[in-house]
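For reference, the structure discussed in these notes is given below.
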Amino acid sequence: VGSAAVPIDATGLTILPGVIDTQVHFREPGLEHKEDLESGSRAAVLGGVTALFEMPNTNPLTDTVEALDDKLARARGRMWCDHAFYAGATAANADTCAELEALPGCSGINVFMGASTGNLLVPDDETLARVLASGRRRVAIHAEDEPRMQDRHGFRVPGDPSSHPVWRDDESAILATREVTPQHLTLAGEDAYPRLGTFAQMNPPIRSAAHRDGIWYWLGQGVPDVVGSDHASHTLEEKARPYPDSPFGMPGVQTLLPLLLHHMAEKRLTLARLVDLTSAGAQRLFNLAGKGRIAAGYDADLSIADLKGQFTIMKDWLASRCGWSPFEGMTLKGRKVVWESELPGVPIGAPIRFQDVMRERP
Ligand SMILES: [Zn+2]
């Protein structure tokens, strides 16, 4: 350990490798009334997240070299944490994914197999095969089966968001994902739909307590490698529309670590498993350079937690532009620490480096 510019007294606190969120939607460009790269990354850092991967369903879509370069340029000097951007696969660019995934600052190719995000869709096996044949890096897949969900549209009951997991049933979620979200570990449909209504609506859906318990079982067996918040902000007005006109998704980047610390205090996972899910797992899965552990030569990304503390999620703490959280009012054991509860300095987030794309672009 060298000498720091600003010494910090962390007596009695627990220092974790910086938390990496493998899935956020920060809405810029095109949908900045919901979120932008500055507000989203501010929420991330206030929640203890030091690096994240941002998703391609913006407007325009992040499906070309130009669109990816544009996001990197927008991030410079405005994002508070390190970042990488997914390139989205479509039928139009399926054969050029190798070029896109090689760009610096690209976290890989993202595939939506079930429509969740408008135009960004790889609906059939033939197009999926072209995408997978094109590149060699990690491909992140939103795995819901589009033809099955088309067949099941009639299962949606207008005004009743609890029919959302009936429409997008568990058979539609055909592939076991290796990413879990804090909300699927925390919420259960029996309570969430009566209490939160459309504010609990997301894809894949929040399902029953039995499903939630199943996720915990497989988490204990070591199946998921990473936790991603799937932070997808929508305004209160948008979310207040009656189901199914209400949009999918909920914010979560700021509550990811606090919720996991709470589950750890409730003995649902160990500190070692929490660290693996929030940093080492992402390093292993995505070949991150200089991140994923606390070690000499690595980036000094740290998340500091008070495991003995307690903390209630309040609206005025939330930094996301949407201004709400499904976890408002929840009192959590354990607490993520931000010095003086505000962010000092200026946004210095930089593009994440990946070991498999370390060469510079000509
Ligand atoms: Zn998502």
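Atoms within each ligand, like the ligands themselves, are counted from 1 in listed order.
Between the side chain of K239 and the main chain of T198, a donor-acceptor pair closer than 3.5 Å is present.
Residue contact annotation: Q23 places an N/O/S atom under 2.8 Å from the Zn ion (ligand 1). Not one N, O or S atom of H142 sits under 2.8 Å from the Zn ion (ligand 1).
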Legend entry - Residue pair F26, H231: steps toward the ring-ring contact (aromatic ring centres under 6.0 Å, His included) verdict: CA-CA 8 Å; F26 281 173; H231 177 95; 5.4 Å; yes

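Summary: OD1 is the N/O/S atom of D230 found nearest to the Zn ion (ligand 1).
Defined by atom type and a distance below 3.5 Å, a donor-acceptor pair is present between the side-chain atoms of T331 and T312. For the residue pair T96 / N93, no side-chain donor-acceptor distance below 3.5 Å is found, with atom types taken as modelled.
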